[in-house]
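Input: a single structure, listed below in C-alpha cells.
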Amino acid sequence: MPMRYFRHQWRRGRVGNATSALHDFHKLKGNFISNSVPLPSINPFSSFRLGFQLASLHSNSSSNGDRPRSKFQKVTNLDDALKLFDEMIQRRPLPSVVQFNQLLNAVTKMKHFSCCLHLFKQMRVIGVPVDEYSMSIAIKCCCQLYRTNDGFALLGCCFRRAVVPNVFIFSTLLDGLVLEDRILEAERLFKKLIKQRLCEPDVVMYSTVIKGLCKFGNNVMAIALLRLMDERGCKPNVVSYNTIIDSLCKDKMIDDAFKIFKEMVFDKGILPNVITYNSIICGLCNFCRWEEVSKMLKEMEDEGISPDFQTFNILVDAFCKEGKVDEAEAVIDIMVERGEVPDIVTYSTLIDGYCLRGEMSKARTVFDSLTSRGLVPDVITYSSLLNGYCKNLNIEEAMLMFHEITKNGLKPDIVTFSTMLQGLFRVGRCGAACRLFDEMRAQGQVPDECTYRIILDGLCNNHQVEEALSVFHLVGGSKLNSDIMVYTILIDGACKCGMLDTARNLFHDLTVKGLQPNVWTYSVMISGLCGEGLLTEAKQLFQKMDECGCPPNNVTFRVLLQGYLKNQNYDDVEMLLQQMDGRGYSLDATTLSLLIDQVAAGALDRSMLKLMGRLVPKDLMDTPV
DNA sequence: CTAGGGTTAG
C-alpha cells in the first residue's frame, strides 16, 4: 500500500488517516505553513551517543536456545521445500501428517502463502489426513493473502472432516478479519465463540481482538478488554501490553502509553522488551520529545535490552526529519559498529533527510554508494531521490531519475507518478504533467485520491481552475469527489482566480453532500471572502466555526486579520488579537508586519503593541521585521 | 514432534 505521501503517518496502516491528510495539506499549501516546531539549539542526543558507545562494549550475543531441528523445519528455500514434498508423496507408506505439517509451516515462514495452499490442496487430493495443525496453517495462508473468506470455507471443511476447530484456528481467523479491517465481524465472531463456548479464549486470542480494537482507534475498549481478560483469569502478557502501548503512541497519547507501561512493569511485574521500547521511542520521536527519548534509551541500556535494527532506523528517521542528517549518519555508524547491517530503508531515509535539506549532491552520493554496499535501490529509493529533485525544482534531474527506474527493470508506482506530476506542476509544466498522467493510466496505474489532489491543486496553482473543475465534474460521484481536501483545493483555487461565486457554490455543495468542512476549508473560504472585501460575510463564517465544533486555528485568525488590515477595517483587530492571546496562538511575520505598518501609519493605536509583542513567537524575535 | 497475537521505515 503506498504510504509515502506523508512524512508523518501517525496512524500508519489504520482505518482513516485524517491527520496525515492534514499534514499532506501542509505540504501542498506551502503558503500556510508557519507553525513548524522549533529545533532545540543544543544537540539533544549528545548524552546518549556516549550511551551507545558504552553499550557497544556489551557483547551482542544471540540467544542460543536452539533445539535440534528436523529436516522439514530446516528447509530455507522454496525449491528444496517443493522437492522434499514431491519426494514425500512418493513414499509408501506416506509420511506422517506431522512431517507434512512441519514442511507446510516452513513454507509459510518463507511467506510463500499461495504455494503453501497449493501443497495443502495436493495433500488432500492424495489423501493425506489433515488435522488441526494443517488446517490452521492453511487458514493462516488464506488470511495472509487477504482471503479470509476462503479461510472460513476451510473452517467448513474442518467440520466435515471431523477436525475440531480450536483456539489456534479461531485466533487465526480473527486475525484475518482484523487484517482486512473487518473489525465488526471480528468482534461478532469473538463474542459468538465465548457465548457458544466454541473455545476458551487464551492470551493470544484476547491480544488479537485487542489489536483489532486498537486498529479501529478504540483504545478505551482495548484497555477494557485487557482488564476483562485479567478478571477472567487470563493474564495479559507483554504482547497484550505492547499492542496497547503502541496504539496509544500512534494516537498521540504518549502519556497514557506511559501509564500503561508503568502498570505493566510495576503492578503486573511484566518486563518490557525491545518492541515495547521501540514503540515508545517512536512515539516520542514523533513529538520531538528528545529528552525522554534519551531517557528511554538509557533505561533500555540499564535493563540490559539492546537497541535493535529497528531502534536505530527509528532514530535515523527522527534525526532526518529534524534536518539533523549528521546525527543520522552518526547513528548509522554506531549501528554498524554494533554489528547491525543498515538496509535499503535506512539509506533511503538518509537520502530523504538530505533531500529535505536541499543537499541534493549528498543525497546523490548516498544513492550512488548503495551498489558498493551490496544494496539494490528499489522503486521507493528512486522515488525519494526523484522527490528531492522535484522539491528542489531540478525537474530535469527528476525526469532522468524517473526514466532510470524503468531502465533498471523496475516499475514506477503510483507514488512515483504522483511525485513526478507534482514536480511538473510546480514548475508550471502542465502540458507535460497531463501527458504523464495519461501515460500513468496507460500503464495501468489507477490514480488515488492523492494523485487526484495533486492534479487539481496543480491545475489551480497554474491558473487553470476551469480545467480543474472539469476534471472534478468528470470524476463525478466517485469517492474522490467526496473528499474534503479536494473541495478545499478547488475552493482555494477558485478564490485565488477571483471566481468567488464558484467557491461559494462549492462550499455550499459540500454541506449538501454531508461533508464536514475542516479548519482549512473555512480558512480558505474566509481568505477568499476577505480578498473580495466581503468582511461581514467572512466574519459571519468565522463565528460559525466555533458553533460547528471546528474552532478557528492560528491560520484562520491570521487570514481574517490580514483581511481586515488590507481592507482598512480596524474595528475588530484588537478583539481578534485578544482572542488569539487567550487561545495561546501566535502571529506570523507577514501579519505582524502588516500590523506594525498600521501602527506606524497611525491607523492602529500604539497601545496594541504590547499585545502584539506577546503574540510574537520567540524565533521570530531574532529576525528583524 | 507440527499451528495463532505485538515494534520501525524510505
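Just so it is clear: chains get the letters A, B, ... in the order the sequence lines come, proteins before strands, and each one is counted from 1.
In this structure, the CG atom of A/Leu155 is 20 Å from the P atom of B/dA3, given to the nearest Å. Atom CG in A/Asp308 sits roughly 13 Å away from atom P in B/dA9 (whole-Å rounding). In this structure, the CG atom of A/Leu193 is 15 Å from the C1' atom of B/dG5, given to the nearest Å. Whole-Å rounding puts the A/Lys215 NZ to B/dT7 P distance at 10 Å. For the pair A/Leu179 CG and B/dG5 C1', the interatomic distance rounds to 12 Å; values are reported in whole Å. For A/Met300 and B/dT7, the CE to P distance is 16 Å, given to the nearest whole Å. Atoms CE (A/Met88) and C1' (B/dT2) sit 11 Å apart, rounded to a whole Å. Protein atom NZ of A/Lys321 is 5 Å distant from nucleotide atom P of B/dG10, rounded to whole Å.
Considering only side-chain atoms of A/Tyr133, the nucleotide from B/dT7, B/dG4, B/dT2 that sits closest is B/dT2. Here B/dT8 is the nucleotide among B/dT8, B/dG10, B/dA3 with the atom lying nearest to any side-chain atom of A/Lys250. Considering only the side chain of A/Glu132, B/dA3 comes nearest among B/dT7, B/dG5, B/dA3. Of the candidates B/dT8, B/dA3, B/dG5, B/dA3 carries the atom nearest the A/Ser136 side chain, counting heavy atoms from C-beta on. Side-chain atoms of A/Val98 lie closest to B/dC1 of the nucleotides B/dA3, B/dG5, B/dC1. Closest to the side chain of A/Asp131, out of B/dT2, B/dG10, B/dG4, is B/dT2. Looking at the side chain of A/Ser171, the nearest of the listed nucleotides B/dG5, B/dT7, B/dG4 is B/dG4. The listed nucleotides are B/dT8, B/dG5, B/dG10; the one nearest the side chain of A/Val345 is B/dG10.
A/Thr243 contributes no side-chain N or O that forms a donor-acceptor pair with the base of B/dG5 under 3.5 Å. Between the side chain of A/Asp202 and the base of B/dG4, a donor-acceptor pair under 3.5 Å is found. For B/dG5, the base has a donor-acceptor partner in the side chain of A/Ser207 [N/O atoms by modelled type, under 3.5 angstrom]. Counting atom types as modelled, A/Asn237 pairs a side-chain N or O with a base atom of B/dG5 as donor and acceptor under 3.5 Å. Contact annotation: side chain of A/Ser384 to base of B/dG10, donor-acceptor pair absent below 3.5 Å. Side-chain to base pairing of A/Gln102 with B/dT2: no donor and acceptor N or O lie closer than 3.5 Å to each other. With hydrogens and angles left out, the side chain of A/Asp317 and the base of B/dG10 share no donor-acceptor pair within 3.5 Å.
We find that A/Asp317 and A/Lys321 are joined by a salt bridge, their nearest charged nitrogen and carboxylate oxygen being less than 4.0 Å apart.
Remark: ring of A/Phe168 does not overlap the six-membered base ring of B/dG4 in a stacked fashion, as centroids less than 5.5 Å apart with planes less than 30° apart are not both met.
Among the heavy atoms of the strands, none lies under 4.0 Å from A/Leu173. Residue A/Val316 is classed as having no contact, given no heavy-atom separation below 4.0 Å to the nucleic acid. As judged by a 4.0 angstrom heavy-atom cut-off over every strand, A/Val167 is placed among the base-contacting residues. Contacts of A/Met205 with the nucleic acid, taken as non-hydrogen atoms under 4.0 Å apart, include base atoms. At a threshold of 4.0 angstrom between heavy atoms, the contacts of A/Asp343 with the nucleic acid are absent. Counting any heavy atom pair closer than 4.0 Å across all strands shown, A/Val178 reaches no nucleic acid atom. Here A/Ser240 lies in heavy-atom contact (under 4.0 Å) with a base.
Tested against A/Phe402, the residues A/Tyr382, A/Tyr389, A/Phe417 include a single ring pair (Phe, Tyr, Trp, His ring centres under 6.0 Å) partner, A/Phe417.
Judged by distance alone, the side chain of A/Asp256 and the main-chain N or O of A/Lys259 form no donor-acceptor pair under 3.5 Å.
Taking the ring centroids of A/Phe168 and A/Tyr133, they lie at or beyond the 6.0 Å cut-off.
At a cut-off of 3.5 Å, with distance as the only test, a side-chain donor of A/Ser247 or A/Asn219 sits close to an acceptor on the other residue.
Counting heavy-atom neighbours within 6.0 Å of A/His118 NE2, excluding the residue itself, gives a total of 12 or less.
For A/Phe261, the ring pair (Phe, Tyr, Trp, His ring centres under 6.0 Å) criterion is met by A/Tyr277, not counting sequence neighbours.
Taking only side-chain nitrogens and oxygens, A/Asn101 never comes nearer than 4.0 Å to OP1 or OP2 of B/dA3.
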